[in-house]
There are 2 protein chains.
Amino acid sequence: MKKITGRQQEIVEAALAIISDRGLEALTIKSIAARVGFSDAAVYRHFRSKAQILSTIIDLFARDSARLLREIHGCSCAELEKMRLFFLDRCRVFSADRVLATVMFAENLFQNDPLLAAKVRQVLQGHRRLLLETLRGGQRKKTIRALPAEHLFTMVMGSLRLLVLQWRIGGYGFDLMRGGEKLWLSVETVIKNPNGE
Amino acid sequence: MKKITGRQQEIVEAALAIISDRGLEALTIKSIAARVGFSDAAVYRHFRSKAQILSTIIDLFARDSARLLREIHGCSCAELEKMRLFFLDRCRVFSADRVLATVMFAENLFQNDPLLAAKVRQVLQGHRRLLLETLRGGQRKKTIRALPAEHLFTMVMGSLRLLVLQWRIGGYGFDLMRGGEKLWLSVETVIKNPNGE
DNA sequence: GTTATGTTAGTGAACGTTAACTAACCAGAA
DNA sequence: TTCTGGTTAGTTAACGTTCACTAACATAAC
């Protein structure tokens with residue numbers, strides 16, 4: 001991970017704003033330059049290529065994601081609580097920075113650039129590993145329902161993803177945090193062990 | 001809905017194959033023409049624009065989807081069974097025609113063309129309406145868990161979507177039908193009323 | 001001879017990227 | 001202090017490619 005200059009930060013933020021407003025297709029060197037307020041060529045004083053800008057954005061996503069994973073892993077709370085933390089933290093992050101939600105759904109968009117695609121996939125793999133581990137831990141303690149952990153993962157993560165997608169498609173028309181909190185109550189209800197306690 | 005000539009059918013199939021193999025970004029008039037076996041200009045003998053080709057593809061998806069919705073709506077079986085039919089039918093359709101799975105995840109890809117985006121959204125709305133209706137019917141009969149129907153929808157549809165996504169990302173490395181059947185068992189377990197029967 | 005279905009050759013626009021150049025600033029040597 | 005060389009960050013103009021799309025023309029069927 002490299003240090004980043006002020007100008008690079010500006011460029012990345014401009015790129016994020018464009019993706020957030022008009023989608024990844026609208027992200028061109030020209031549109032970035034226009035947003036920052038200088039010519040297209042000037043962008044190349046700070047980044048070697050467009051791919052490097054995208055790579056920096058994904059790194060942002062990955063770094064934040066790694067922080068979350070460490071945080072939850074080190075937490076001494078129960079497994080269901082860990083799941084809740086993950087679920088709601090994702091909502092919080094996407095709420096605060098909408099473009100990260102775009103990156104989350106970018107598996108297909110980066111498929112022309114295998115390097116970027118691999119980077120995104122790696123982040124998602126990290127989520128998967130952590131959640132599966134947590135789910136299995138909860139199942140050992142009989143707090144989480146005894147269904148295939150893979151299935152529970154698909155249900156939890158699938159619900160989260162669809163919620164975020166609905167939020168994006170609807171033009172961010174509802175409060176994602178509140179929506180996430182309410183949805184989590186239902187998700188928790190169905191994944192916790194009904195025979196427990 | 002228009003009638004379609006043989007050549008048009010060929011072109012649409014070529015387009016579907018390209019999307020399926022190399023993604024929507026690789027879908028150009030040139031690539032379509034190459035696949036059919038003639039020059040790019042010849043495509044315009046059969047379609048007025050690229051958008052019209054895409055529109056035809058979405059129509060295909062919509063027509064198939066409408067058939068499914070009618071079929072399930074007219075079915076006299078229980079609500080949980082209807083949900084199962086929907087879930088597995090989607091798996092079956094995507095298994096048979098992978099590109100339809102691509103279209104299912106194309107909400108963000110068509111966002112630059114509002115007409116196509118609206119068309120896709122309409123199909124998804126249809127799914128949503130049918131499933132919510134079915135879920136609420138099951139809740140009235142106490143066969144489906146008394147949680148907000150919207151949440152149940154998000155969980156079921158989210159699980160289905162993530163399953164299909166995993167299938168696509170993994171290079172179609174597992175049998176989607178079998179995966180869907182197994183996942184459905186878990187989904188059904190968590191959404192059916194535990195106090196019922 | 002008209003209609004349908006191809007061809008080749010071309011358009012203008014957009015893309016990422018590079019080239020050539022300039023203005024501002026900043027060292028150290030005269 | 002002033003000259004000199006070098007770096008940094010910007011400019012305009014252009015490159016080569018690809019895109020969707022069009023015009024002009026050919027050929028064969030009816």
Side-chain angles (χ1 to χ4, degrees), chain A residues 2-19 21-58 102 106 108-117 119, chain B residues 2-19 21-59 102-103 106 108-117 119:
Chain A
K2 308 263 195 67
K3 272 277 183 63
I4 270 184
T5 71
R7 250 330 193 201
Q8 282 178 324
Q9 183 74 25
E10 258 186 275
I11 290 172
V12 165
E13 271 165 21
L16 289 175
I18 290 165
I19 297 175
D21 288 353
R22 293 148 52 211
L24 234 163
E25 285 219 336
L27 186 74
T28 67
I29 296 290
K30 211 186 194 82
S31 67
I32 294 172
R35 188 124 194 168
V36 174
F38 54 30
S39 67
D40 10 351
V43 173
Y44 289 90
R45 288 283 168 214
H46 308 280
F47 286 101
R48 279 216 314 278
S49 68
K50 185 184 175 182
Q52 208 184 41
I53 299 176
L54 288 172
S55 176
T56 304
I57 290 178
I58 298 177
T102 305
N108 32 2
L109 298 177
F110 292 140
Q111 73 182 15
N112 40 353
D113 192 323
L115 223 89
L116 298 182
K119 230 172 196 175
Chain B
K2 308 265 193 68
K3 273 275 183 62
I4 271 184
T5 70
R7 253 324 196 204
Q8 281 178 323
Q9 183 73 27
E10 260 185 274
I11 290 172
V12 165
E13 272 165 21
L16 289 175
I18 290 165
I19 297 175
D21 288 354
R22 292 149 52 210
L24 233 162
E25 283 219 336
L27 185 74
T28 66
I29 296 290
K30 210 187 193 86
S31 67
I32 294 172
R35 189 124 195 167
V36 174
F38 54 29
S39 69
D40 13 348
V43 172
Y44 289 91
R45 289 285 172 211
H46 308 280
F47 285 100
R48 279 215 314 277
S49 67
K50 184 184 175 181
Q52 208 183 39
I53 299 176
L54 287 172
S55 177
T56 304
I57 289 177
I58 299 177
D59 280 342
T102 306
V103 176
N108 33 357
L109 298 177
F110 292 141
Q111 73 182 12
N112 42 352
D113 192 324
L115 223 90
L116 298 181
K119 230 172 196 174

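Any value given below was found using the heavy atoms of this structure, including those in side chains, with hydrogens, waters and symmetry copies removed.
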Engineer: In Å and rounded to the nearest 0.5 Å, what is the CG to CG distance from B:L115 to B:L54?
Structural biologist: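 Answer for the CG-CG pair, B:L115 versus B:L54, is 11.5 Å.
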Engineer: Can you confirm whether A:R7 sits close enough to A:F38 that some side-chain heavy atom of one is under 4.5 Å from a side-chain heavy atom of the other?
Structural biologist: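 The answer is yes; the side chains approach within 4.5 Å.
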Engineer: Between C1' on C:dG16 and CD on A:Q52, what's the gap in Å once rounded to a whole number?
Structural biologist: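 Result: 14 Å.
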Engineer: Please report the interatomic distance CD1(A:I11) to CZ(A:R35), rounded to the nearest 0.5 Å.
Structural biologist: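 The distance works out to 14.0 Å.
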Engineer: Please give, in whole Å, the distance from D:dT11 P to A:F38 CZ?
Structural biologist: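 Rounding to the nearest Å, CZ of A:F38 and P of D:dT11 are 7 Å apart.
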Engineer: If you pin A:R45 and A:L27 to their nearest nucleotides in DNA chain C, which one's is more 5'?
Structural biologist: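 Result: A:L27.
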Engineer: Let me know the distance between CD of B:Q9 and C1' of C:dT5, rounded to the nearest Å.
Structural biologist: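 From B:Q9 CD to C:dT5 C1': 18 Å.
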Engineer: Of all the nucleotides listed (C:dT17, C:dC15, C:dT7), which has the minimum atom distance to the side chain of B:A41?
Structural biologist: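 So the nucleotide nearest the side chain must be C:dT7.
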Engineer: Roughly how many Å is it from CD in A:E25 to C1' in D:dA20, rounded to a whole number?
Structural biologist: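 My rounded result for the distance is 14 Å.
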Engineer: Round to a whole Å and report the spacing from CD1 of B:I53 to P of D:dC19.
Structural biologist: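 So the two atoms are 14 Å apart, to the nearest Å.
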Engineer: Would you kindly give the OH-to-P distance between A:Y44 and D:dA14, to the nearest whole Å?
Structural biologist: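 That distance rounds to 19 Å.
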Engineer: Would you indicate whether the side-chain heavy atoms of A:V36 and A:H46 approach each other to under 4.5 Å?
Structural biologist: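 SC-SC contact between A:H46 and A:V36 ruled out.
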Engineer: Could you check how far CD of B:Q8 sits from P of C:dA4, rounded to whole Å?
Structural biologist: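 It is 13 Å, rounded to the nearest whole Å.
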Engineer: Would you mind reading off the distance between B:K50 atom NZ and D:dC19 atom C1', rounded to a whole angstrom?
Structural biologist: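 Atom-to-atom, B:K50 to D:dC19, this comes out as 8 Å.
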Engineer: So does A:S39 get a side-chain nitrogen or oxygen closer than 4.0 Å to the phosphate oxygens (OP1/OP2) of D:dT12?
Structural biologist: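 Checking A:S39 against D:dT12: no side-chain N or O falls below 4.0 Å of OP1 or OP2.
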Engineer: Starting the side chain at C-beta, find the nucleotide from D:dT12, C:dA9, C:dG6 nearest to B:H46.
Structural biologist: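 Between D:dT12, C:dA9, C:dG6, the one nearest the side chain of B:H46 would be C:dG6.
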Engineer: Looking at B:R48, does any N or O in its side chain come under 4.0 Å of the phosphate oxygens OP1/OP2 on D:dC21?
Structural biologist: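 No, no such contact exists.
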